[in-house]
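Residue numbering restarts at 1 for every chain, and letters A, B, ... go by the order of the sequence lines. All heavy atoms count here, side chains included; hydrogens, waters and symmetry mates do not. For clarity, every value in this text was computed on a predicted model and none was experimentally measured.
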2 protein chains.
Amino acid sequence: MVVDQLSDAGVDRLFHALADATRRDIVRRTVDGEHSVSGLARHYPISLTAVQKHVAVLEDAGLVVKHRHGREQRVVGNHDALRRAQQLLDELDRLWHGRLDRMGTLLDEDSRGGTT
Amino acid sequence: MVVDQLSDAGVDRLFHALADATRRDIVRRTVDGEHSVSGLARHYPISLTAVQKHVAVLEDAGLVVKHRHGREQRVVGNHDALRRAQQLLDELDRLWHGRLDRMGTLLDEDSRGGTT
DNA sequence: GTAACCTACAACCCCATGGTTGTAGATCAG
DNA sequence: CTGATCTACAACCATGGGGTTGTAGGTTAC
């Protein structure tokens with residue numbers, strides 16, 4: 001489970017969930033503690049249903065967890081998903097460093113070819 | 001000016017660009033060096049036009065840079081955009097740590113018979 | 001020159017997304 | 001019980017995203 005996580009379908013969901021300002025804001029809020037869905041909805045100029053859908057997208061991506069508390073549905077951020085996203089970017093980042101290293105090696109020894 | 005970058009529109013483009021396996025693969029390839037658009041297209045079972053659009057999305061997000069080289073359009077990854085994405089995730093990550101710190105403080109005060 | 005190649009762009013399809021409204025089931029407060 | 005809240009879900013609409021084909025303009029090779 002090391003290398004090829006970049007082509008996972010869950011990664012699509014993860015980054016797609018982050019690709020919306022409202023959803024990022026919900027994450028920011030739920031990182032800070034539990035919030036009901038309707039409580040969250042009061043902060044945005046969109047309908048409650050729209051917020052419900054955003055929360056569903058976040059939950060599907062694993063960025064958020066819901067659990068019932070009486071008649072409310074409490075939403076709270078999930079740190080693991082964020083760390084997963086960070087790891088994926090780090091994986092790409094490592095490729096860059098590898099490239100830089102290879103460029104240095106080329107300048108140094110001038111012997112090897114690339115792979116395809 | 002460091003804090004509120006989470007609600008920028010460019011961030012939408014950045015994460016949206018990363019929310020597609022083909023585009024992440026293009027980034028992975030172009031991190032490793034320059035590739036022509038048609039050269040990239042040969043690796044995927046989709047049309048050249050589709051790849052052109054993916055590259056355009058990546059370019060719009062800043063993850064990739066194009067420049068002409070003869071009749072070819074060379075595509076190469078842009079490290080800065082990736083670092084920007086990493087910084088945004090780190091920003092969220094910091095919120096989590098802040099929360100954990102506060103929870104620790106609460107527990108601490110509670111064990112001392114705090115008055116909240 | 002002609003042919004082959006690389007790219008750009010317009011037009012079109014299909015469907016997922018983000019938004020809405022409306023209805024209905026639980027749950028809490030009185 | 002009654003009313004107010006919170007949530008869920010279905011139906012619908014408009015827009016954009018990912019894909020295609022087709023046409024056209026440059027650039028290299030012959």
Side-chain angles (χ1 to χ4, degrees), chain A residues 6-30 33-76 116, chain B residues 6-30 33-77:
Chain A
L6 280 177
S7 49
D8 193 353
V11 184
D12 289 22
R13 270 174 270 155
L14 187 51
F15 284 121
H16 171 253
L18 289 170
D20 182 283
T22 301
R23 284 196 290 264
R24 284 193 301 275
D25 198 71
I26 291 176
V27 170
R28 189 201 293 162
R29 286 196 146 92
T30 54
E34 291 188 351
H35 294 258
S36 70
V37 177
S38 59
L40 288 170
R42 292 194 196 96
H43 297 89
Y44 310 106
I46 57 180
S47 69
L48 170 66
T49 304
V51 176
Q52 280 180 324
K53 289 188 182 182
H54 281 307
V55 171
V57 169
L58 290 169
E59 190 184 19
D60 195 46
L63 279 164
V64 130
V65 170
K66 285 196 307 184
H67 64 277
R68 269 234 176 71
H69 193 89
R71 67 180 160 182
E72 291 183 343
Q73 195 79 268
R74 297 283 180 82
V75 183
V76 60
T116 308
Chain B
L6 280 177
S7 49
D8 192 354
V11 185
D12 289 22
R13 272 174 269 154
L14 187 51
F15 284 121
H16 172 252
L18 289 170
D20 182 285
T22 301
R23 285 196 290 264
R24 285 191 302 274
D25 198 70
I26 291 177
V27 171
R28 189 201 294 162
R29 286 196 145 91
T30 55
E34 291 189 352
H35 295 258
S36 69
V37 176
S38 58
L40 287 170
R42 291 192 197 97
H43 296 89
Y44 310 106
I46 58 179
S47 69
L48 170 66
T49 303
V51 175
Q52 280 181 325
K53 289 189 182 180
H54 280 308
V55 171
V57 170
L58 289 170
E59 190 184 19
D60 196 46
L63 279 164
V64 132
V65 170
K66 285 196 307 183
H67 63 277
R68 270 233 175 71
H69 192 88
R71 69 181 158 182
E72 291 183 342
Q73 194 78 267
R74 297 283 180 81
V75 183
V76 59

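Projected onto DNA chain C by closest heavy-atom contact, B/H35 and A/A19 fall at different nucleotides, the more 5' of which corresponds to B/H35.
The side-chain heavy atoms of A/L18 and A/L63, taken from C-beta on, include a pair separated by under 4.5 Å. Between B/H43 and B/I26, the closest side-chain pair of non-hydrogen atoms is not below 4.5 Å.
Residues forming a side chain to side chain contact (heavy atoms under 4.5 Å, CB included) with A/S36 (at least two apart in sequence, or on another chain): A/S38, A/E72.
The distance from atom OG1 of B/T22 to atom CG of B/L40, rounded to the nearest 0.5 Å, is 11.5 Å.
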Show me the side-chain donor-acceptor pairs of residues 49-60 of chain A shorter than 3.5 Å, one per line, residues at least two apart or across chains.
{"from": "A/H54", "atom 1": "ND1", "to": "A/R23", "atom 2": "NH1", "distance (Å)": "3.2"}

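The shortest non-hydrogen separation linking A/D8 to A/D12 is O-OD1, 3.5 Å. The shortest non-hydrogen separation linking B/A41 to B/L48 is CB-CD1, 3.9 Å.
If you check residues 65-74 of chain B against DNA chain C, the residues with a heavy atom closer than 4.0 Å are B/K66, B/R71, B/E72, B/Q73, listed by number. Only A/I46, A/S47, A/T49, A/A50, A/K53, A/H54, listed by number, bring a heavy atom of residues 39-56 of chain A to less than 4.0 angstrom from any atom of DNA chain C.
The phosphate of C/dT7 (OP1 or OP2) has a side-chain N or O of B/S38 nearer than 4.0 angstrom.
Using bins of under 30°, 30° to 60° and over 60° for the plane-to-plane angle, the ring pair A/F15/B/F15 lands in the parallel bin.
In the helix from C/dG1-D/dC30 to C/dG30-D/dC1, the rotation axis of the first five pairs and that of the last five pairs differ in direction by 30°, rounded to 10 degrees.
Heavy-atom contacts of chain B under 4.0 Å fall on DNA chain D between two terminal nucleotides, which in 5' to 3' order are D/dG17 to D/dT28.
In summary, of the residues considered (A/Q73, A/E34, A/R74), a side-chain hydrogen bond (donor to acceptor under 3.5 Å, both in side chains) with A/H67 occurs for A/E34 alone.
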